[in-house]
Protein chains: 2
Amino acid sequence: MNTLEKVQNNLAKFSKSERKVAEVILASPQTAIHSSIATLAKMADVSEPTVNRFCRRLDTKGFPDFKLHLAQSLANGTPYVSRHVEEDDSPESYTTKIFESSMASLDTARQSLDIAAVNKAVDILTQAKTISFFGLGASSSVAHDAQNKFFRFNVPVICFDDVLMQRMSCINSNEGDVVVLISHTGRTKSLIEIARIARENGAAVIGITARNSPLSLECTLPVTMEVPEDTDLYLPMASRLAQLVTIDVLATGFTLRRGPRFRDNLKRVKEVLKESRVNKDLTI
Amino acid sequence: MNTLEKVQNNLAKFSKSERKVAEVILASPQTAIHSSIATLAKMADVSEPTVNRFCRRLDTKGFPDFKLHLAQSLANGTPYVSRHVEEDDSPESYTTKIFESSMASLDTARQSLDIAAVNKAVDILTQAKTISFFGLGASSSVAHDAQNKFFRFNVPVICFDDVLMQRMSCINSNEGDVVVLISHTGRTKSLIEIARIARENGAAVIGITARNSPLSLECTLPVTMEVPEDTDLYLPMASRLAQLVTIDVLATGFTLRRGPRFRDNLKRVKEVLKESRVNKDLTI
DNA sequence: TTGGGTAATGTAATTTTATATCAGAAGTCA
DNA sequence: TGACTTCTGATATAAAATTACATTACCCAA
């Protein structure tokens with residue numbers, strides 16, 4: 001809870017002197033955070049230890065720590081939080097909400113992402129003979145994105161939208177092949193089957209999906225994360241963003257693992273592509 | 001300006017030792033605000049006065065004052081700053097950097113997004129006879145995403161990756177048609193031509209692109225934003241995320257504008273889709 | 001009331017933390 | 001190289017916060 005509110009709400013629980021301190025702070029919080037304990041004590045007409053005790057009562061470590069908390073609560077604006085779009089939101093309002101919710105989701109995704117798994121995935125990818133990216137529905141665009149990225153690394157990349165093609169591709173997979181399956185819920189039946197098929201053929205199966213989902217259990221290496229998704233009315237968005245960024249992380253890990261010479265090469269390839277374009281611009 | 005960003009942006013202006021301090025703070029701002037000057041100095045492997053000088057260089061009165069400012073900037077919701085991935089980053093480190101940079105970019109995009117244009121775009125989209133989404137390269141996946149979204153609204157949606165198909169489609173466009181062009185730089189020649197063609201045929205041309213770019217000038221309604229993109233070595237990512245979220249904003253505006261009955265309908269359609277699936281899950 | 005006990009508050013000492021001063025080191029340019 | 005500037009850290013000093021302990025105020029039973 002906001003520290004300033006806490007001061008306000010606990011007003012009744014303070015002792016007489018502590019309340020004096022609280023009142024001085026509430027009267028002018030900006031002054032409070034820029035004062036020393038001595039100054040504040042004088043303003044409240046109490047002793048310095050009283051101010052200190054007041055701070056501790058609010059579960060802070062002491063006066064400086066209290067000031068820090070207070071400063072944070074005074075800082076305008078709230079941290080990014082998922083907020084639902086309401087019926088009568090203005091354009092400004094729903095735009096802000098959607099952007100901030102997206103950011104909040106990415107933050108959640110990052111915190112829940114299994115870094116060790118990311119590292120292993122990079123390991124596996126760098127050693128792959130071929131890499132396949134499969135997703136369905138909304139996740140298929142993520143697979144395409146992945147193809148786009150890894151293709152530039154000069155690695156054989158496969159990417160299909162079609163369930164049958166995905167299946168056939170996996171039936172023909174071998175040891176050394178890597179199959180990356182992308183699914184937010186990890187409950188898409190056909191992808192789960194594909195995971196099993198690829199695994200039985202000896203391919204490494206990386207799943208970018210939810211922890212403990214059916215798909216994650218079929219993968220040789222689940223790269224899991226949790227993304228809160230409000231799919232009730234609006235369309236899944238947060239999970240897609242998180243998947244895209246995760247792919248970016250894997251691609252980055254890939255280039256880092258390959259070492260500087262590889263990256264120089266990548267840069268050169270990019271330069272060449274630029275030159276071949278009329279508008280000298282590849283970033284589109 | 002946000003103090004943490006200030007630290008990041010002035011990195012070049014600091015002296016060698018001051019930069020060490022900056023890096024320690026950027027690595028873990030939360031730790032920094034809870035440390036004493038001595039602890040921080042030790043972490044950065046510099047002397048205490050150096051830390052103090054560092055604080056003053058950032059226009060604060062001293063170390064405690066700096067901590068206060070930093071605390072506020074952390075509370076502000078964006079502890080996220082774009083940071084480049086370094087050669088020897090650990091998986092944890094580059095993962096965090098990429099996620100946070102993505103979030104920072106989204107924030108920048110939001111702030112620079114022209115809300116009035118968004119509102120007009122929603123206006124135009126709700127009245128469209130058909131909507132076409134065109135992008136090239138990386139932006140084509142954004143176009144696909146848009147198609148996916150608007151398709152569910154029961155609006156005729158067109159989407160092509162191919163330049164010639166895009167062109168042909170635009171040649172046949174009429175008044176009442178809406179063409180949405182997606183390009184980060186707004187300097188892709190073929191898209192600019194397509195914009196002109198569509199416009200000459202009386203179609204409304206919405207451009208999701210950079211402000212004052214050649215493409216934006218050819219559009220009847222540019223929806224512009226600024227996204228910092230480090231395309232030097234790594235691949236364009238931030239712009240794509242921003243575009244995706246922007247499409248989501250437009251789609252949301254669209255459903256809001258269409259009113260509650262439309263949304264109920266949308267929900268029903270979704271339910272029906274769910275039922276028709278074995279795994280009862282559409283979110284993939 | 002009044003005296004014992006408890007909680008609240010303040011004084012003074014101590015510890016911690018931050019800043020100022022200055023000297024030496026490192027870098028820069030003629 | 002040498003004069004100059006800039007940067008950095010050791011030490012000293014000042015400021016601030018915290019602790020320990022003493023005092024006061026308050027409450028309640030006798």
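Just so we're on the same page: letters track the sequence lines, and every chain starts at 1.
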Calculate the interatomic distance between [X] atom [atom1] and [N] atom [atom2]; express it in whole Å.
| X | N | atom1 | atom2 | result |
| --- | --- | --- | --- | --- |
| R19(A) | dA8(C) | CZ | C1' | 13 Å |
| F66(A) | dA16(D) | CZ | C1' | 17 Å |
| L40(B) | dT16(C) | CG | C1' | 16 Å |
| N52(B) | dA12(D) | CG | C1' | 15 Å |
| D65(B) | dT19(C) | CG | C1' | 14 Å |
| H34(B) | dT17(C) | NE2 | P | 14 Å |
| K67(A) | dA15(D) | NZ | P | 15 Å |

Have [X] and [Y] got a donor and an acceptor in their side chains that come within less than 3.5 Å?
| X | Y | result |
| --- | --- | --- |
| T50(A) | S47(A) | yes |
| D107(B) | Q111(B) | yes |
| S36(B) | T39(B) | yes |

Practice problem: With DNA chain D as reference, determine whether D45(B) or E48(B) sits nearer its 5' end, using the nearest nucleotide of each. | Solution: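 Result of the comparison: D45(B).
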Looking only at side-chain atoms of [X], point me to the closest of [options].
| X | options | value |
| --- | --- | --- |
| I37(A) | dT18(D), dT19(C), dT9(C) | dT18(D) |
| R56(A) | dT19(D), dT9(C), dA10(D) | dT19(D) |
| K16(A) | dG10(C), dA17(D), dC26(D) | dC26(D) |
| S36(A) | dA16(D), dT11(C), dA18(C) | dA16(D) |
| P49(B) | dA17(D), dA10(D), dA18(C) | dA10(D) |
| F63(A) | dT19(C), dT18(D), dT8(D) | dT18(D) |
| R53(B) | dA16(D), dC26(D), dG9(D) | dG9(D) |

Quiz item: OP1 or OP2 of dA8(C) less than 4.0 angstrom from a side-chain nitrogen or oxygen of S15(A), does that happen here?
Solution: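 Negative; the distance criterion is not met.
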Practice problem: Indicate whether OP1 or OP2 belonging to dT11(C) is found under 4.0 Å from a side-chain N or O atom of S47(A). | Solution: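 No, because none of the side-chain N or O atoms of S47(A) sits under 4.0 Å from OP1 or OP2 of dT11(C).
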Quiz item: Can we call the ring centroids of F54(A) and F63(A) under 6.0 Å apart?
Solution: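 When the ring centroids of F54(A) and F63(A) are compared, they turn out to be at least 6.0 Å apart.
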Exercise. Compare every heavy atom of S216(B) with every heavy atom of T209(B), then report the nearest pair and how far apart it is.
Key: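 That would be CG2-CB, 3.9 Å.
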Self-check item: Degree of bending in the helix from dT1(C)-dA30(D) to dA30(C)-dT1(D) once both end axes are built from five pairs, to 10°
Solution: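 For the helix from dT1(C)-dA30(D) to dA30(C)-dT1(D), the axes at either end differ by 20°.
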Quiz item: Just checking V46(B): base, sugar-phosphate only, or nothing, at a heavy-atom cut-off of under 4.0 Å?
Solution: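 V46(B): backbone/sugar contact only, no base atoms under 4.0 Å.
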Would the distance check show the side chain of [X] and the main-chain N or O of [Y] forming a donor-acceptor pair, the cut-off being under 3.5 Å?
| X | Y | value |
| --- | --- | --- |
| E100(B) | K97(B) | no |
| K67(A) | S35(A) | yes |
| R257(A) | V122(A) | no |

Exercise. Could you check E18(A) against T39(B) and say which one's nearest nucleotide on DNA chain C is further toward the 5' end?
Key: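 Its nucleotide being nearer the 5' end, the pick is E18(A).
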